[in-house]
Novice: 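Can you read through this structure? Questions will come right after.
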There are 2 protein chains.
Amino acid sequence: MTRAEEIYQRLRADILNGRHEPGSRLRVEALKERYGASSGVLREALPRLVGQGLATFAPQQGFRVVTVSPERLEELTEARVFIETHLVRESVTAGTIEWESDLLAAHHHLARVPFFGDTGEINEGWLNAHARFHRVLLEGCSNRQLRDIATQLREVAEVYRCWARTPTEHSNRDIAAEHKTICDRAIERDVPGVVEALTRHINATTNLLLDDYGRREEEGKQDRGPSAP
Amino acid sequence: MTRAEEIYQRLRADILNGRHEPGSRLRVEALKERYGASSGVLREALPRLVGQGLATFAPQQGFRVVTVSPERLEELTEARVFIETHLVRESVTAGTIEWESDLLAAHHHLARVPFFGDTGEINEGWLNAHARFHRVLLEGCSNRQLRDIATQLREVAEVYRCWARTPTEHSNRDIAAEHKTICDRAIERDVPGVVEALTRHINATTNLLLDDYGRREEEGKQDRGPSAP
DNA sequence: CGTCAAGAAAATCTCGAGATTTTTGAAAAA
DNA sequence: TTTTTCAAAAATCTCGAGATTTTCTTGACG
């Protein structure tokens, strides 16, 4: 593992967990101190994030965490539904016994790992298990190009999860039930069922985030409202 | 334009034009001399190619141009047909008058620019016009996520074009006719027509390349055949 | 003749210093 | 009060040298 590789992994995890806020600048000087790496290493790691769609770059203005907006989230969701439903259809149709086993294992893990961490934030282990479940679900499809695209889109969408204010215990239970449904339908080889369950799941997650965004906008207006003209 | 930006553009163009062979190593030391840039600049530009899917990277082993294989080309083609037909459907349905005009202009340019350059190789201007035509065709669709994905897939597919042995005048005429059909059906707002034309076009290009690959394999076998046991 | 090992060559990886550009903040003018 | 100017500060951009790792060559051994 080279230095640049390590820093890239840490940067990626820190963005996916919201430790770097969406839209915030990624100053090389600041990152040098935080990650204890030279500018050269950082300037090699950061462009990789750009390629993955997790960061942006402008000449003479440095790097930024990818920015978020409701419009972009809706586009992202539409793209995910389009591609993932296609993949899951192929996957459930063509998946082998090994794929079935992997999916069961991934779901079992996801169902057991706690959603909340010690600090009240989302547990990093849960995020990893969640990413794994969705990846394995589509791995029955043989087209690696499309699978890679789906993974990339999910990663960008993950930025939005940590951007939302606070995940609730209620939403956690809903999500867990959705995962169970997806897993069951997939094992049963119920193609229309799994497609519908996955579509619902993706859209439900988006709606949760959009509601949260709307609420925040509302509060923001009140803060700058009649009480402080 | 920063140094790294410039070098990135040149590297990208050189890969897309086959001046760096698929699978070949991109040694920093060699590129330093060729592009007249320092190692730092190159180590910033190369990871961007990796993110775009035009190069690969392995720790301690450096960068390589993306490798090609018939299987990967087939996966790529399947992915392109799946995504581009969806996009062109949206595009032709929702495209504005401005979009129509842009498409006509892009096709006119593509039809006029010569296919072969002075050296007998494919003309770089034609490659640019071709990329532009296909990009504009899908630009009537508002979902930027999906459009970007389609563009990225086409770019990777471009690597295969230069990998093929020699484009013929015959294949050139076929391709030009296909572009004309696509453009006409799009302007007529004939959705099923344009979807069929685009599907044919993508598959035809792939088949041309696969035939060429098969012929080359055949010759390779003869070379190493009974005459030299 | 083929296999293995040690040394040499070459490439990658890492770092910090200097040049260039952008941003910031305060002072002056309208 | 608002706008403009300009200089200081900070960040980006670029470069080449040294450390580490891989690859290639050469030669000895089975």
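When reading the values below, keep in mind they use all heavy atoms of this one structure, side chains included, and skip hydrogens, waters and symmetry mates. By convention in this document, chain letters (A, B, ...) are assigned in the order of the sequence lines, proteins followed by strands, and residues within each chain are numbered from 1. If you're wondering where the values come from, they're calculated on a predicted model, not measured in any experiment.
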Novice: Once you round it to whole Å, what is the distance between P of D:dA10 and CG of A:L31?
Specialist: 17 Å

Novice: Taking only N and O in the side chain of B:R43, is any of them less than 4.0 Å away from OP1 or OP2 of C:dT12?
Specialist: no

Novice: What's the CD-P distance between A:E29 and C:dT21, to the nearest Å?
Specialist: 18 Å

Novice: For residues 127-147 of chain B, which residue pairs qualify under salt bridge (Lys or Arg N to Asp or Glu O under 4.0 Å), counting only residues two or more places apart or in two chains?
Specialist: B:R135-B:E139, B:R144-B:D148

Novice: Looking at every strand, decide which applies to A:A4 at a 4.0 Å heavy-atom threshold: base, sugar-phosphate, or nothing.
Specialist: sugar-phosphate

Novice: Could you give all pairs that pass the side chain to side chain donor-acceptor pair (under 3.5 Å) test and reach residues 44-54 of chain A, with sequence neighbours left out?
Specialist: A:E5-A:R48, A:E44-B:R43

Novice: Can you tell me how far P of C:dA11 sits from CZ of B:F63, to the nearest Å?
Specialist: 15 Å

Novice: Out of C:dT14, D:dC13, D:dA11, which nucleotide sits closest to the side chain of B:T2?
Specialist: D:dC13

Novice: For the helix from C:dC1-D:dG30 to C:dA30-D:dT1, measure the angle between the helix axis at one end and the axis at the other, each built from five pairs, rounding to 10°.
Specialist: 30°

Novice: Mind listing the residues from residues 7-15 of chain A sitting with a heavy atom below 4.0 Å of DNA chain C? Number order is fine.
Specialist: none

Novice: Return yes if some donor-acceptor pair links the side-chain N/O of A:W99 with the main-chain N/O of A:L138 below 3.5 Å, else return no.
Specialist: no

Novice: Take A:P59 and A:E5, find for each the nucleotide of DNA chain C with the closest heavy atom, and name the residue whose nucleotide sits nearer the 5' end.
Specialist: A:E5

Novice: Could you give the CG-to-C1' distance, from B:L26 to C:dT12, as a whole number of Å?
Specialist: 14 Å

Novice: For nucleotides 15-21 of chain D, list the nitrogen or oxygen atoms of the protein found under 3.5 Å from its nitrogen or oxygen atoms, one pair per line.
Specialist:
unit_1, atom_1, unit_2, atom_2, d
D:dC15, OP2, B:S38, OG, 3.2

Novice: Taking CD in B:E21 as the centre, count heavy atoms belonging to other residues, nucleotides or ligands within less than 6.0 Å. Is the count above 12?
Specialist: no

Novice: Can you list the residues that meet the side chain to side chain donor-acceptor pair (under 3.5 Å) rule with A:E75, with sequence neighbours excluded?
Specialist: none

Novice: Rounded off to whole Å, could you give me the CE-to-C1' distance for the B:M1 and D:dT14 pair?
Specialist: 16 Å

Novice: Rounded off to whole Å, could you give me the CZ-to-P distance for the B:R27 and C:dC13 pair?
Specialist: 13 Å

Novice: Sequence neighbours excluded, which residues qualify as side chain to side chain donor-acceptor pair (under 3.5 Å) partners of A:H201?
Specialist: A:H134, A:E178, A:H179

Novice: If you look only at distance, which donor and acceptor atoms sit under 3.5 Å apart when one is on a side chain in residues 59-68 of chain A and the other is two or more places apart or in another chain?
Specialist:
unit_1, atom_1, unit_2, atom_2, d
A:R64, NH1, A:G23, O, 2.7

Novice: For residues 105-114 of chain A, which residue pairs pass the salt bridge (Lys or Arg N to Asp or Glu O under 4.0 Å) check, not counting sequence neighbours?
Specialist: none

Novice: Would you sort out whether A:L31 and A:H20 count as a side-chain contact (heavy atoms from CB on, under 4.5 Å), showing the intermediate values?
Specialist: CA-CA 11 Å; A:L31 298 178; A:H20 290 296; 4.0 Å; yes

Novice: With sugar-phosphate meaning primed atoms plus P, OP1 and OP2, does B:F57 contact a base, only sugar-phosphate, or nothing at under 4.0 Å between heavy atoms?
Specialist: sugar-phosphate

Novice: For residues 7-16 of chain A, dump all side-chain donor-acceptor pairs below 3.5 Å to protein atoms at least two apart in sequence or in another chain.
Specialist:
unit_1, atom_1, unit_2, atom_2, d
A:R12, NE, A:E155, OE1, 3.4
A:R12, NE, A:E155, OE2, 3.4
A:R12, NH2, A:E155, OE2, 2.3
A:D14, OD1, A:R19, NE, 2.7
A:D14, OD1, A:R19, NH2, 2.9
A:D14, OD2, A:Y35, OH, 2.6

Novice: Would you list the pairs meeting salt bridge (Lys or Arg N to Asp or Glu O under 4.0 Å) in which at least one residue belongs to residues 94-104 of chain A, sequence neighbours left out?
Specialist: A:E100-A:R189

Novice: For DNA chain C, whose closest nucleotide is more 5', that of A:Q61 or that of A:E44?
Specialist: A:E44

Novice: Nearest-Å distance, CD (A:E6) to P (C:dC13)?
Specialist: 14 Å

Novice: For A:T77, check side chain to side chain donor-acceptor pair (under 3.5 Å) against everything at least two apart and list the hits.
Specialist: A:T206

Novice: Whole angstroms only, please: what is the CG-C1' distance between B:L42 and D:dC13?
Specialist: 14 Å

